[in-house]
Amino acid sequence: MSAALLPTKSINAPADLAVLGAPPLFADKLHVGRPNVLGRERFRRRVEEMFDSGWLSNNGPLVREFERRVADYVGVRNCVAVCNATIGLELLIRAAGLRGEVIVPSFTFIATAHALTWHGVTPVFADIDPATHCLDPESVERLVTPDTSGVIGTHLWGRPCPVEALDDIARRHDLVLMYDAAHAFGCTRGGRMVGGFGLAEVFSFHATKFLNSFEGGAITTDDDELAARLRLMKNFGFAGYDKVVYLGTNGKMTEVCAAMGLTNLELIDELVAINRANHARYKAGLGGVAGLRLMEYDARERSNYQYVVVEVDEARAGLTRDELIEILHRENVLARRYFWPGCHRMEAYRGDPRYAGLSLPATELVSSRVLVLPTGAAVGEAEIGLICDALRVAVGGAGEVARALRGGAEG
Ligand code: T4K
């Protein structure tokens, strides 16, 4: 445990909680998404080589090596590295010719929807399966219209979408199927690596992802022609000096980002092991706490375990999800409500008449129940034990804790 995270107390009874006036558990804040920064020496060596090479961006040797290694790891023919996953999605939307309407989950990071809207394509929000938090194929099927050109599924929390059912819908309706795989690097479905499903998939290597390249992303596909188009489009459409063959943008990954990505790719087993151990600790620590359900990862598949997601059943816990978030924040544990309230209820969309009155019951229920807890190399057994203590004691003393939290409103 780092000195900044040394606990200031133990939590054995409600009176030990900060919401009841005790000092916070941690002097410093624990974030969801604190970057993993292992392998600093390897990274520094690569950066020195980069300086020596005189090549900082524009498809340099480190980016090319990163692309090769990601493609090999995922088992696809092509990987196109990009500056971030949002631009990756935008490039893919253009390159695949999506237009009109595209069906997406509302329960996803806003970038999935924004990437479409930014390019004048209408995101049509489908509901999710409350058990998996991924797209519900029946909801998708109901939303197909003559204007639908595609479907983008999100492998939420690194748990893959029902790719077989979505594939079937896409084939029957002649739709382009692609995936936002921002959370799912290193995960499998049916033993097959995510990255090879649909026409193409987009990974994120943002600083907050378990495997980061500072900022970064990658589009993976077995379609050589699509990959060639993406390469041109991410470099303004240049096909040679003075020769622009496509409308393009600047979506290039820099060499320093590729250096970080390569370093972390070499450490991927260690990074996954850290997350897996943390997940098991949360499982042990939260077992038997009424109304809290930790989302599991399928033990038969490979997973990156990068999100620790808890669903709160308010009736059983005696506290709402938002009250538990408040309790944790007061302890300096910055748990998050990803992805509340769902894209369709975000200001950017809910004011648009196309989404007025849209009701997605599973999305709305799940987004009101989910809380995401810190994991990664920044936390370990001690911190997780204390976070679980705080949750267990809060739920155990829910009556007293709720009175303290609601006192102002009720009085
Ligand atoms: N699709 C999906 C399904 C996604 O989840 C995402 C990104 C994307 C697409 C788009 O990928 P990129 O274009 O970003 O490659 C964060 C990330 O910014 C975002 O990348 C991620 N998903 C999303 C789930 O989480 P915020 O708004 O929660 O970020 P922020 O700034 O609050 O960071 C989280 C916490 O991490 C903070 O409390 C502070 C801490 N932090 C963050 C950074 C960057 C650090 O301690 N150090 C750092 O360097 O979105």
Side-chain angles (χ1 to χ4, degrees), residues 2 4-5 26 28-37 70 80-93 102 104-118 123 125 128 133-135 152-161 178-185 187 194-195 200-220 234 249-254 257-258 260-261 264 304 306-309 325 328-329 332-343 346 348 363 367 370-379 383:
S2 74
L5 294 181
F26 299 104
D28 213 351
K29 297 191 188 316
L30 264 74
H31 296 274
V32 172
R34 181 63 100 197
N36 290 324
V37 190
V70 168
V80 180
V82 285
C83 55
N84 61 57
T86 306
I87 294 289
L89 285 165
E90 290 182 21
L91 285 164
L92 183 56
I93 286 161
V102 169
V104 288
S106 169
F107 195 56
T108 180
F109 188 60
I110 197 71
T112 324
H114 275 0
L116 290 162
T117 309
W118 199 253
F125 295 117
I128 50 165
H133 298 184
C134 287
L135 269 181
I152 305 179
T154 299
H155 303 304
L156 209 75
W157 318 130
R159 294 153 46 108
C161 285
M178 56 180 72
Y179 291 100
D180 177 337
H183 296 183
F185 192 70
C187 301
V194 167
E201 307 210 48
V202 181
F203 293 110
S204 171
F205 303 117
H206 180 254
T208 55
K209 297 290 181 276
F210 85 106
L211 192 153
N212 84 80
S213 62
F214 300 130
E215 287 269 1
I219 309 164
T220 53
K234 79 165 180 177
T249 186
N250 183 352
K252 290 168 282 155
M253 178 182 266
T254 63
C257 288
M260 186 67 164
N264 283 327
N304 57 37
Q306 75 172 310
Y307 288 98
V308 175
V309 180
I325 294 263
L328 291 172
H329 281 213
N332 275 338
V333 178
L334 300 188
R336 297 292 297 262
R337 318 190 268 190
Y338 290 142
F339 290 101
W340 183 85
C343 296
M346 287 282 194
T363 298
S367 72
V370 160
L371 70 82
V372 179
L373 293 167
T375 185
V379 296
E383 291 88 354

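Atoms within a ligand are numbered from 1 in the order they appear, just like the ligands themselves. Counting from 1, the numbers follow the sequence of the chain as shown.
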J.: Could you pull out all residues at least two apart from Phe205 that satisfy ring-ring contact (aromatic ring centres under 6.0 Å, His included)?
T.: Phe66, Phe185
J.: I need the contact type for Tyr338 against ligand 1. Using non-hydrogen atoms and a strict under-4.0 Å cut-off, is it side chain, backbone, both or neither?
T.: side chain
J.: Which of the atoms in ligand 1, numbered in the order shown and given with their element, are less than 4.0 Å from a heavy-atom of Thr154?
T.: 3 (C)
J.: Which part of Val32 is near ligand 1, with near meaning a heavy atom under 4.0 Å away: side chain, backbone, both or neither?
T.: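 The backbone, only.
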J.: Can you tell me if Pro35 contacts ligand 1 (heavy atom of the residue under 4.0 Å from the ligand)?
T.: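 Pro35: in contact with ligand 1 (<4.0 Å).
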J.: May I ask you to identify the nearest protein heavy atom to atom 46 (O) of ligand 1, giving residue, atom name and distance to one decimal place in Å?
T.: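 Its nearest protein heavy-atom neighbour is Arg34 NH1, 2.5 Å.
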J.: Of all the non-hydrogen atoms in the protein, which one sits nearest to atom 42 (C) of ligand 1, and at what distance?
T.: Thr208 CG2, 3.8 Å
J.: Can you tell me if Asn36 uses its side chain to pair, donor with acceptor, with the backbone of Ala377 under 3.5 Å?
T.: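 Yes; at least one donor-acceptor contact below 3.5 Å.
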J.: Considering heavy atoms of the protein only, find what lies nearest to atom 9 (C) of ligand 1 and give residue, atom and distance to 0.1 Å.
T.: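 That would be Asp180 OD2, 3.4 Å.
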J.: Please check if a non-hydrogen protein atom sits closer than 4.0 Å to atom 20 (O) of ligand 1.
T.: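 Yes, at least one protein heavy atom sits under 4.0 Å from atom 20 (O) of ligand 1.
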J.: Measuring from non-hydrogen atoms of Phe205 to any atom of ligand 1, is the shortest distance under 4.0 Å?
T.: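 Under 4.0 Å: no for Phe205.
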J.: Ignoring hydrogens, what is the shortest heavy-atom contact between Cys83 and Lys252? Give both atom names and the distance.
T.: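 For Cys83 and Lys252, the tightest heavy-atom pair comes out as CB-O, 3.2 Å.
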J.: Which bit of Thr86 gets closer than 4.0 Å to ligand 1, counting heavy atoms only: side chain, backbone, both or neither?
T.: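 Both the backbone and the side chain of Thr86 come within reach of ligand 1.
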J.: Give me the atom names and distance for the closest heavy-atom approach of Cys134 to Thr154.
T.: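 Distance-wise, the nearest heavy atoms are SG-O, 3.6 Å.
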J.: In the protein, what heavy atom is nearest to atom 30 (P) of ligand 1, and what distance, to one decimal place, separates them?
T.: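 Its nearest protein heavy-atom neighbour is Arg336 NH1, 4.1 Å.
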J.: Which atoms of ligand 1 are found less than 4.0 Å from any heavy atom of Ser204?
T.: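 Ligand 1 atoms under the 4.0 Å threshold to Ser204: 11 (O), 12 (P), 15 (O).
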J.: Heavy atom of Thr108 under 4.0 Å from ligand 1?
T.: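 Per 4.0 Å heavy-atom rule, Thr108 contacts ligand 1.
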J.: Compare all side-chain heavy atoms of His133 with those of Val370 and state whether any distance is below 4.5 angstrom.
T.: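 They are in side-chain contact.
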J.: What closest approach, in Å, do Cys257 and Glu215 show between heavy atoms, and which atom pair accounts for it?
T.: SG-O, 3.5 Å
J.: What do we get for Ala85 next to ligand 1 when only non-hydrogen atoms under 4.0 Å count, side chain, backbone, both or neither?
T.: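 Both of them.
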J.: Specify side chain, backbone, both or neither for Phe214, according to which of its non-hydrogen atoms lie closer than 4.0 Å to ligand 1.
T.: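 None of Phe214 does.
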J.: Say whether, by atom type as modelled, one donor and one acceptor occur between the side chain of His329 and the main chain of Ala335 under 3.5 angstrom.
T.: yes
J.: Could you report the tightest heavy-atom contact between Leu89 and Ala111, atom names first, then the distance?
T.: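 Closest approach of Leu89 to Ala111: CD1-O, 4.2 Å.
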J.: ring-ring contact (aromatic ring centres under 6.0 Å, His included) with Phe210: which residues, sequence neighbours excluded?
T.: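 By the ring-ring contact (aromatic ring centres under 6.0 Å, His included) rule, Phe210 matches no residue at all.
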J.: Check this for me - ligand 1, Glu215, N or O atoms closer than 3.5 angstrom, yes or no?
T.: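 It does not: no N or O of Glu215 is found under 3.5 Å from an N or O of ligand 1.
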J.: In the protein, which heavy atom is nearest to atom 6 (C) of ligand 1, and how far is it?
T.: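 That would be Phe109 CD2, 3.2 Å.
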J.: Could you check atom 41 (N) of ligand 1 against the protein and tell me its nearest heavy-atom contact, residue, atom and distance included?
T.: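 Nearest neighbour among protein heavy atoms for atom 41 (N) of ligand 1, to 0.1 Å: Gly33 O, 3.9 Å.
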J.: For the pair His206 (side chain) and Thr208 (backbone), establish whether a donor and an acceptor sit closer than 3.5 Å, ignoring hydrogens and angles.
T.: yes
J.: Identify the heavy atoms of Ala81 and Met253 that sit nearest to each other, and give their distance.
T.: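 Scanning both residues, the minimum pair turns out to be CB-SD, 3.9 Å.
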J.: Look at atom 22 (N) of ligand 1 and say which protein heavy atom is nearest, naming residue and atom and giving the distance to 0.1 Å.
T.: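 For this ligand atom, the closest protein heavy atom is Lys209 NZ, 2.9 Å.
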J.: When the ring planes of His183 and Phe339 are compared, do they come out parallel, tilted or perpendicular, using 30° and 60° as the limits?
T.: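 Rings of His183 and Phe339: parallel, under 30°.
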J.: Atoms of ligand 1 less than 4.0 Å from Phe339 heavy atoms?
T.: 24 (C)
J.: Could you tell me the residue and atom name of the protein heavy atom closest to atom 37 (C) of ligand 1, and the distance to it rounded to 0.1 Å?
T.: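 Ranked first by proximity to atom 37 (C) of ligand 1 is His31 ND1, 3.7 Å.
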J.: Using 30° and 60° as the class limits, which term best fits the ring planes of His155 and Tyr179: parallel, tilted or perpendicular?
T.: parallel
